[in-house]
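Quantities reported herein were computed from a predicted structural model and do not represent experimental measurements.
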Amino acid sequence: MTKLDSLRAEFETIVFRHKDEEFTCSFSGGVSSSDIAKGVDEFVELSDRALYRAKAQGRNCIIDAKKA
C-alpha cells in the first residue's frame, strides 16, 4: 500500500499540458487483499467500498479495506 500511495503522490505532481493550458490530476484508490475476502466477488466488493470511502474522505487518497 505504501508504494501505491507513493505513486499517487508522485502522479499529482505531474503537470499536463493541452494547447495553452496546464493542469494536474489526482486519483483515489481502494485496495483489498485475498486474506480478508471469501472469494472474488467479495474481494471486488471490499475494494469498491474502500474506493468510495476514499472519495468520500476528500479524494486523492488510498484506503485499505482492512482499515475501512
Side-chain angles (χ1 to χ4, degrees):
M1 178 130 140
T2 302
K3 287 186 181 191
L4 187 54
D5 198 48
S6 177
L7 178 64
R8 180 208 51 78
E10 189 173 327
F11 180 73
E12 72 177 330
T13 68
I14 299 170
V15 177
F16 296 93
R17 291 174 182 81
H18 177 69
K19 297 185 181 181
D20 293 333
E21 294 184 46
E22 293 184 348
F23 61 95
T24 58
C25 297
S26 64
F27 70 87
S28 298
V31 295
S32 186
S33 60
S34 59
D35 64 332
I36 63 170
K38 294 179 180 126
V40 174
D41 290 339
E42 185 177 7
F43 179 79
V44 172
E45 177 66 27
L46 290 169
S47 298
D48 195 45
R49 276 193 243 154
L51 170 61
Y52 280 97
R53 187 147 194 207
K55 290 180 177 184
Q57 288 183 9
R59 302 177 180 243
N60 195 25
C61 62
I62 307 297
I63 299 291
D64 186 340
K66 286 183 180 179
K67 299 175 184 175

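Within the 3.5 Å criterion, the main-chain N or O of F43 finds a donor-acceptor partner in the side chain of S47. Under a 3.5 Å cut-off, the side chain of S28 and the backbone N or O of N60 do form a donor-acceptor pair.
Atom OG of residue S32 and atom CZ of residue R49 lie 9.5 Å apart, to the nearest 0.5 angstrom. The line from NZ of K38 to CD of E45 is 13.0 Å long, rounded to the nearest 0.5 Å. Remark: T13 OG1 to R8 CZ distance equals 10.5 Å, nearest 0.5 Å. Distance check: S6 OG to I62 CD1 gives 10.5 Å after rounding to the nearest 0.5 Å.
Within a 6.0 Å radius of CG in D35, more than 12 heavy atoms belonging to other residues, nucleotides or ligands are found.
With contacts defined as side-chain heavy-atom distances shorter than 4.5 Å, the pair R59/S26 does not qualify. Side-chain contact between T24 and F11 is absent, with no heavy-atom pair separated by less than 4.5 Å.
I36 belongs to a hydrophobic cluster whose remaining members, ordered by chain and number, are L46; membership requires side-chain heavy atoms of ILVMFWY residues under 4.5 Å apart, directly or through intermediates.
With hydrophobic clusters built from ILVMFWY side chains whose heavy atoms lie under 4.5 angstrom apart, L7 does not share a cluster with V15. The same ILVMFWY cluster, assembled from side-chain heavy atoms under 4.5 Å apart, contains both V31 and F27.
For R17, the salt bridge (charged side-chain N to carboxylate O under 4.0 Å, His left out) partners at least two apart in sequence or on another chain are E22.
The two atoms that bring S33 and K66 nearest to each other are OG-CE, 3.3 Å, heavy atoms only.
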